[in-house]
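Proteins get letters first, then strands, A, B, ... in listed order; numbering begins at 1 in each. Note that these values count all heavy atoms, side chains included, but never hydrogens, waters or copies made by symmetry. Please read all numbers here as calculations on a predicted model, not as lab measurements.
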Number of protein chains: 2
Amino acid sequence: MSEAITQSIQDYLKHIYELNEYGGSASTNDLAARLNIAPASVTGMLQKLASTKSPLVIYKKHQGATLTKNGEKAALEVIRHHRLLETFLVNTLGYSWDEVHHEADKLEHVISEDFEARMAEALGHPTRDPHGELIPTADLTMPADESCPLASLRTDETATVRRVSDDDPALLRHLREIGVVPEVKIVVKNYSAFDGNLTIKVEGQKANIVLGTAVTSQVFVDK
Amino acid sequence: MSEAITQSIQDYLKHIYELNEYGGSASTNDLAARLNIAPASVTGMLQKLASTKSPLVIYKKHQGATLTKNGEKAALEVIRHHRLLETFLVNTLGYSWDEVHHEADKLEHVISEDFEARMAEALGHPTRDPHGELIPTADLTMPADESCPLASLRTDETATVRRVSDDDPALLRHLREIGVVPEVKIVVKNYSAFDGNLTIKVEGQKANIVLGTAVTSQVFVDK
DNA sequence: AAATAAATTTAGTCTCACCTAAATTTATTT
DNA sequence: AAATAAATTTAGGTGAGACTAAATTTATTT
Ligand SMILES: [Mn+2]
Ligand SMILES: [Mn+2]
Ligand SMILES: [Mn+2]
Ligand SMILES: [Mn+2]
């Protein structure tokens, strides 16, 4: 009778995983912000998750949270569900890429392993979701990602868009509009040291476009 | 800020609706059995559901529960989700008809109205699910059903299978095996007054088969 | 019409996952 | 090194939705 991994816990694990990808451990406040939960509540949950026989989380007071091997597997399971669902919604039900995140956020906790397998099969075992994000494999390994923020490019550099953040529908609609989507090639025409603005030429688009850091920090490219 | 219709409440409403279809009001014990919840807990929930400003349920002590107009709409919403999902899982993801009920029972509470609409569209607005059960319309009306239990037929009567109960996977596999599926024609060869057994000939099958009431009470036909 | 059985309700608890307010600890300035 | 600010934890609740045990009401027998 190992502790059940509730929907709530799945959300904690998923967000701890994503925060861990950036800097080291996930802080109470960052988690609280992402989960839309009071920091005090996060502390409570982290204490609980770290104090079972085989814990999902490693947590030391004032030092944030990290995942154990088990916790990471559970997180990758949820992330695989999420990204396969997004792909399925776009490919099979005709959703646009700005509509799928919210729906996937609910469904990811509810589908069976059978449903996951059938989706993967029907989609031809995709490796990336509609936003270019990598889909963990069926055995729960996260493929390596080499991409870097568009914001880190400078004048005359050339790159291929690999993925974009998927949680802001307005941003996604804008990116679609200007043609900044995965696999598209771009060239940086100018970098402004003041505001961090990048002027870029997007493959297949006539005019150059100027993007602020609010955009360029959310788009990831391979040089 | 009208009271939220939680997943729990949706399940209560769905089962009250289904029990109301048979006899009059849904008893505490019947609901408890269907929901796998202690009778005392059901009493508590019914009291709560019946005591809001615009209640979903009509409940009088010791007399079971009935749905209000609002309660019925909410129930039909869930049932529409359930049956569209079952159809979708079979038609689009290749599930067999004995596997879908459990999956749909979880998904029905989670999908959006947009998801519902896209499924209906993709499926060509079906009127029945894989078990032949009627799908409530988009404006939440339940079409009339004329079918009667196979158990009520007698020797020499002829009928068309319309629908079968969908909650017992073993029964569904057996029915598939013997060819008793929606739209198939059957003839009653013999009725045994003792045990209620029916001997029937199924269209397209070589040999006659004998069915007990455990089966014939779960299969519904049009004469 | 009692007696018994079955169904239902009441009363009192429990767990989960949140919350707010106050205290504490750590980090950043001056 | 204080002082201040920010992050985090502790303490004490809450509400939803379940449970068990006991009391009550209704239904069925004899
Ligand atoms: Mn997403
Ligand atoms: Mn995505
Ligand atoms: Mn079903
Ligand atoms: Mn069905």
Side-chain angles (χ1 to χ4, degrees), chain A residues 1-16 19-20 22-53 55-66 71 74 78 105-106 108-110, chain B residues 1-16 19-20 22-53 55-66 71 74 78 105-106 108-110:
Chain A
M1 30 198 69
S2 55
E3 316 288 332
I5 299 183
T6 63
Q7 296 198 10
S8 243
I9 293 174
Q10 287 178 17
D11 277 334
Y12 276 90
L13 298 177
K14 180 175 71 162
H15 284 109
I16 293 169
L19 286 168
N20 285 173
Y22 289 74
S25 70
S27 76
T28 303
N29 267 14
D30 285 357
L31 274 172
R34 278 171 170 258
L35 293 164
N36 250 284
I37 279 174
S41 307
V42 172
T43 300
M45 180 62 98
L46 293 180
Q47 288 170 339
K48 175 179 145 191
L49 293 178
S51 340
T52 55
K53 336 86 219 289
L56 297 165
V57 161
I58 297 162
Y59 167 72
K60 298 243 172 59
K61 265 191 195 182
H62 298 278
Q63 294 184 197
T66 288
V78 179
D105 261 354
K106 295 177 301 173
E108 66 190 9
H109 307 294
V110 167
Chain B
M1 29 198 71
S2 56
E3 316 289 331
I5 300 183
T6 64
Q7 296 197 10
S8 243
I9 294 175
Q10 288 179 16
D11 276 335
Y12 277 90
L13 298 177
K14 180 175 72 163
H15 284 107
I16 293 169
L19 286 168
N20 286 172
Y22 289 75
S25 69
S27 77
T28 302
N29 267 14
D30 285 357
L31 273 173
R34 277 174 171 256
L35 293 165
N36 251 286
I37 278 173
S41 307
V42 172
T43 301
M45 180 62 98
L46 292 181
Q47 288 170 339
K48 174 181 145 189
L49 292 178
S51 340
T52 55
K53 336 80 218 289
L56 297 165
V57 160
I58 296 161
Y59 168 73
K60 298 246 172 57
K61 265 190 195 181
H62 296 278
Q63 294 185 194
T66 288
V78 180
D105 261 354
K106 295 177 299 171
E108 65 189 9
H109 307 294
V110 166

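- Here dC18(C) presents its C1' atom at 12 Å from CG of Leu35(A), a figure rounded to the nearest Å.
- When the C1' atom of dG17(D) is taken as reference, atom CG of Asn36(B) falls 15 Å away, rounded to whole Å.
- When rounded to the nearest whole Å, the span between CD of Gln7(B) and P of dA17(C) equals 14 Å.
- Within the 4.0 Å cut-off from OP1 or OP2 of dC16(C), not a single side-chain nitrogen or oxygen of Ser8(A) is found.
- Counting only heavy atoms from C-beta on, Tyr59(A) has its side chain closest to dT9(D) among dC19(D), dT9(D), dG17(D).
- Look at CG on Asn29(A): it is 17 Å from P on dA5(D), rounded to the nearest Å.
- Rounded to whole Å, atom P of dG17(D) lies 11 Å from atom CG of Leu13(B).
- In this structure, CG of Leu31(A) is placed 12 Å from P of dC18(C), rounded to the nearest angstrom.
- Side-chain nitrogen and oxygen atoms of Thr43(A) include none within less than 4.0 Å of the OP1 or OP2 phosphate oxygen of dT10(D).
- In this model, the phosphate group of dT10(C) is approached by a side-chain N or O of Gln47(B) to a distance below 4.0 Å at OP1 or OP2.
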Atom pairs and distances, donor-acceptor, side-chain atoms in residues 29-47 of chain A, under 3.5 Å, two or more places apart:
residue: Arg34(A); atom: NH1; partner: Glu18(A); partner atom: OE1; Å: 3.0
residue: Thr43(A); atom: OG1; partner: Pro39(A); partner atom: O; Å: 3.3

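- Residue Gln7(A) comes nearest to Val110(A) through the heavy atom pair NE2-CG2, 3.7 Å, listed as atom of the first residue, atom of the second, then distance.
- Closest approach of Ala50(B) to Tyr59(B), counting heavy atoms only: CB-CB, 3.8 Å.
- Atom CD of Gln10(B) and atom P of dG17(D) are 11 Å apart (whole Å).
- Contact between Ala65(B) and Asn20(B) at its shortest, heavy atoms only, is O-ND2, 3.3 Å.
- Neither OP1 nor OP2 of dA16(D) sits under 4.0 Å from any side-chain N or O of Tyr12(B).
- Listed candidates were dT20(D), dT20(C), dG17(D). Nearest to the side chain of Ala40(B) is dT20(D).
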* **Stepwise side-chain contact (heavy atoms from CB on, under 4.5 Å) test for Glu108(B) and Lys14(B)** => CA-CA 11 Å; Glu108(B) 65 189 9; Lys14(B) 180 175 72 163; 2.7 Å; yes
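- In plain terms, the two heavy atoms of Ala74(B) and Ile5(B) that are nearest each other are CB-CD1, 4.0 Å.
- Phosphate contact (OP1/OP2 of dC19(D), side-chain N/O of Ser41(B), threshold under 4.0 Å): present.
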* Structure fact -> Its dot-bracket string being built from Watson-Crick and G-U pairs below 3.5 Å, with | for another strand and [ ] for crossing, DNA chain D has the pattern ||||||||||||||||||||||||||||||
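- Of the inter-residue distances, the one linking Glu3(A) atom CD with Ile9(A) atom CD1 reads 8.0 Å to the nearest 0.5 angstrom.
- For Lys48(B) and dT9(C), the NZ to P distance is 17 Å, given to the nearest whole Å.
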Might you list the N or O atoms of the protein lying below 3.5 Å from N or O atoms in nucleotides 23-29 of chain D, with each pair's distance?
none

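- For the residue pair Gly71(B) and Leu13(B), the shortest heavy atom distance occurs at O-CD1, 4.2 Å.
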